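Heads up: the structure comes next, in structure tokens.
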Amino acid sequence: MTYKNIKKRTFEIIQASKENDIASRIFDICLIVLILLNVCLVIADTFNLPLKVQKAFSYVETVSVIIFTIEYFLRIWTSDLLYPGKKRITAILKYIFSFLAIIDLLAILPFYLPFLITIDLRVLRMLRIIRLFRVFKINRYTNALVSIVKVFKNKQSELLSSIFVVLLLMIVASVLMYGVENKAQPEVFRNAFDALWWALATLTTVGYGDIYPITVLGKILSAVIAILGIGLVAVPTGIISAGFMENMNKSQECESEKIKYCPYCGKELKDFS
């Protein structure tokens, strides 16, 4: 196997997998499992765990960072295949300064620069799932009697995406807030789950007031999360409403055109006279 073939095959494996590429699919699945495992470790690290458990977590962390580092450099190595119309140096620079590459770098920097980064940014690894996230095709509408099920089914891609973004923001906000407020009020922000409760109340604009930041950085972060929550939490409702409107419009088009079969769902129209 030549150098070019090895490079091309490596590029195919580390990119989003195709249906017939088993190796790439296995790579995607393993990477997702590793990402989720690391997110769980970040949350678990906020608790007082036995020394043996902490040592085991450190081994998992080391192995994970090594894998993420290798993946990061493999993506730099194959960046000219990602941007085939550009020179190699230009392609490398374009990838390095891309959003996903910056997230990849933030995923490994906390391990190599522990004394320069005081806030635990390892939770940002979860953002790497965006690369593997697939857009679902919208299915055809079915019978109008099951419009609720139909709308949720046809809008499952958008709903899953919006819910995923909201949950992702909650997790990132909770870990960041824990890192900011834990020293100032350790009895309130005891672990990431306490901060997650704050993130839930803030993003949904409920604001119970039982847990809140007192530091300047914490207040700024809280304001940013609250503003983001106003828009993000309303997204799923808007998607469902848009789905019902599309369903109604398509049903009206079927009736107004007076055709025997619906062009959207393929059902026979009983009254087309």
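Predicted model only: the values in this text are computed from it and were never measured.
- With hydrogens and angles ignored, the 3.5 Å screen pairs a side-chain donor or acceptor of Arg75 with a backbone N or O of Ile14.
- Residue pairs meeting the side chain to side chain donor-acceptor pair (under 3.5 Å) criterion with at least one member in residues 211-224, sequence neighbours excluded, are Glu181-Thr215.
- With rounding to the nearest 0.5 Å, the separation of CZ in Arg25 from CG in Asp28 is 9.0 Å.
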Quiz item: Given the rule in the side-chain contact (heavy atoms from CB on, under 4.5 Å) test, do Gln15 and Leu82 qualify, once you have shown the distances and angles that lead to the verdict?
Solution: CA-CA 9 Å; Gln15 293 302 311; Leu82 184 63; 4.1 Å; yes
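- Hydrophobic clustering (side-chain heavy atoms under 4.5 Å, transitive across Ile, Leu, Val, Met, Phe, Trp, Tyr) groups Phe27 together with Phe73.
- Cluster membership check: Val216 does not share its hydrophobic cluster with Val188, using side-chain heavy-atom separations under 4.5 Å among Ile, Leu, Val, Met, Phe, Trp and Tyr.
- Residues satisfying the side-chain contact (heavy atoms from CB on, under 4.5 Å) criterion with Ala226, sequence neighbours excluded, are Thr202.
- Checking Leu105, Leu34, Asp104, Val63 one by one against Phe68, the side-chain contact (heavy atoms from CB on, under 4.5 Å) holds for a single residue, Leu34.
- Legend: residues meeting side-chain hydrogen bond (donor to acceptor under 3.5 Å, both in side chains) with Asp194, ordered by chain and number and at least two apart, are Arg190.
- Considering only residues two or more places apart in sequence or on other chains, Asp210 meets the side-chain hydrogen bond (donor to acceptor under 3.5 Å, both in side chains) condition with Trp197.
- Residues Leu169 and Ile220 do not share a hydrophobic cluster, clusters being chains of Ile/Leu/Val/Met/Phe/Trp/Tyr side chains in contact below 4.5 Å.
- Under a 3.5 Å cut-off, the side chain of Thr46 and the backbone N or O of Ala192 do form a donor-acceptor pair.
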Exercise. Would you please test Ile89 and Leu93 for side-chain contact (heavy atoms from CB on, under 4.5 Å) and show each step?
Key: CA-CA 6 Å; Ile89 299 298; Leu93 292 176; 4.1 Å; yes
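- Val65 and Ile108 make their closest contact through O-CG2, 4.1 Å (heavy atoms, listed as atom of the first residue, atom of the second, distance).
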Quiz prompt | Stepwise side-chain contact (heavy atoms from CB on, under 4.5 Å) test for Tyr95 and Lys86 | solution = CA-CA 11 Å; Tyr95 172 75; Lys86 299 184 179 297; over 6 Å; no
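- Closest heavy-atom contact between Leu221 and Ala173: CD2-O, 4.4 Å.
- Nearest approach of Ser79 to Ile92, heavy atoms of both residues: OG-CG1, 3.2 Å.
- The CG atom of Leu168 sits 13.5 Å away from atom CD1 of Ile163, with the distance rounded to the nearest 0.5 Å.
- Evaluation of the ring pair (Phe, Tyr, Trp, His ring centres under 6.0 Å) rule for Phe193 yields Phe47 as partners, not counting sequence neighbours.
- Summarising the geometry, atom CD belonging to Glu158 is positioned 9.5 Å from atom CG belonging to Leu160; distances are rounded to the nearest 0.5 Å.
- Between Leu31 and Ile35, the closest side-chain pair of non-hydrogen atoms falls below 4.5 Å.
- Partners of Lys7 by salt bridge (charged side-chain N to carboxylate O under 4.0 Å, His left out), not counting sequence neighbours, listed by chain and number: Asp80.
- Distance CG/Leu74 to CD1/Ile67: 12.0 Å, rounded to 0.5 Å.
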Quiz item: Passes side-chain contact (heavy atoms from CB on, under 4.5 Å), Ile96 versus Tyr72? Steps please.
Solution: CA-CA 9 Å; Ile96 289 176; Tyr72 177 72; 4.2 Å; yes
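- Cluster membership for Val224 and Leu176, using ILVMFWY side-chain heavy atoms within less than 4.5 angstrom, is shared.
- The line from CG of Asn48 to CG of Asn191 is 9.0 Å long, rounded to the nearest 0.5 Å.
- If you take NZ on Lys183 and OH on Tyr178, they are separated by 10.0 Å, rounding to the nearest 0.5 Å.
- Residues Phe164 and Val166 fall within the same hydrophobic cluster, defined by Ile, Leu, Val, Met, Phe, Trp and Tyr side chains chained together at heavy-atom separations under 4.5 Å.
- The minimum heavy-atom distance linking Ala199 with Met170 is given by the pair CB-O, 3.7 Å.
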